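Beneath this line is the structure, given in structure tokens, with notes to follow.
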Amino acid sequence: MQILVIEDDKRISDFLIKGLEENGHLVTLCKDAETVLDEFLTIQFDLIICDIMLPKMDGI
């Protein structure tokens with residue numbers, strides 16, 4: 001599964017990515033919503049895990 005994790009807290013993103021990769025998933029990390037809109041909209045992800053409280057633009 002191709003998963004996008006949008007999370008600005010390193011501790012949380014490290015935990016999520018470790019668990020997901022250990023279960024065989026391909027994970028892309030993005031630290032803010034602006035970068036997702038600029039760079040990752042062309043990639044088709046199976047799942048997006050998004051923090052709601054992101055800097056500048058919220059995850060909603």
Side-chain angles (χ1 to χ4, degrees):
M1 209 193 261
Q2 180 77 21
I3 300 173
L4 174 63
V5 174
I6 309 166
E7 174 60 64
D8 61 327
D9 185 312
K10 181 170 175 25
R11 189 179 45 147
I12 295 171
S13 63
D14 287 347
F15 177 76
L16 281 171
I17 291 169
K18 181 181 178 194
L20 291 168
E21 288 180 341
E22 285 177 356
N23 285 287
H25 301 293
L26 300 172
V27 181
T28 302
L29 173 64
C30 191
K31 296 185 181 202
D32 58 66
E34 292 86 4
T35 305
V36 172
L37 295 175
D38 292 341
E39 298 177 22
F40 295 105
L41 286 182
T42 59
I43 301 171
Q44 185 172 358
F45 293 99
D46 298 306
L47 177 68
I48 299 174
I49 300 172
C50 184
D51 181 10
I52 293 177
M53 295 176 55
L54 293 167
K56 298 180 188 173
M57 180 186 297
D58 65 33
I60 294 174

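Excluded from the calculations below are hydrogen atoms, water molecules and symmetry mates; all remaining heavy atoms, backbone and side chain alike, are included. Since the structure is predicted, the reported quantities are computational estimates derived from the model, not experimental observations. Numbers for residues simply follow the sequence, beginning at 1.
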If hydrophobic clusters are built by linking Ile, Leu, Val, Met, Phe, Trp and Tyr wherever their side-chain heavy atoms come under 4.5 Å apart, do Val36 and Ile48 end up in the same one?
yes
Which side-chain N or O atoms in residues 15-22 pair as donor and acceptor under 3.5 Å with protein atoms at least two apart or in another chain?
none

Under a 4.5 Å side-chain heavy-atom rule over Ile, Leu, Val, Met, Phe, Trp and Tyr, are Leu54 and Phe45 clustered together?
yes
Could you list all the side chain to side chain donor-acceptor pair (under 3.5 Å) pairs where at least one residue sits in residues 31-44, not counting sequence neighbours?
Asp32-Thr35
Passing candidate, side chain to side chain contact (heavy atoms under 4.5 Å, CB included) with Asp51, options Ile12, Ile6, Asp8, Asp9:
Asp8
Salt bridge (Lys or Arg N to Asp or Glu O under 4.0 Å) partners for Lys10, two or more places apart
Asp14
Are Leu29 and Ile49 joined in one hydrophobic group, where the rule is that I, L, V, M, F, W and Y side chains link up if heavy atoms are under 4.5 Å apart?
yes
Check the pair Ile52, Ile60 against side chain to side chain contact (heavy atoms under 4.5 Å, CB included), reporting the backbone distance first and the verdict last.
CA-CA 6 Å; Ile52 293 177; Ile60 294 174; 3.9 Å; yes
In Å, rounded to the nearest 0.5 Å, how long is the span from CG of Asp58 to SG of Cys50?
8.5 Å
Please name the pair of heavy atoms, one in Gln2 and one in Thr28, separated by the smallest distance, quoted to 0.1 Å.
NE2-OG1, 3.4 Å
Assess whether side chain to side chain contact (heavy atoms under 4.5 Å, CB included) is satisfied between Leu47 and His25, documenting all intermediate values.
CA-CA 10 Å; Leu47 177 68; His25 301 293; over 6 Å; no
Atom pair SG (Cys30) and CG (Leu37), whose distance is rounded to the nearest 0.5 Å
9.0 Å
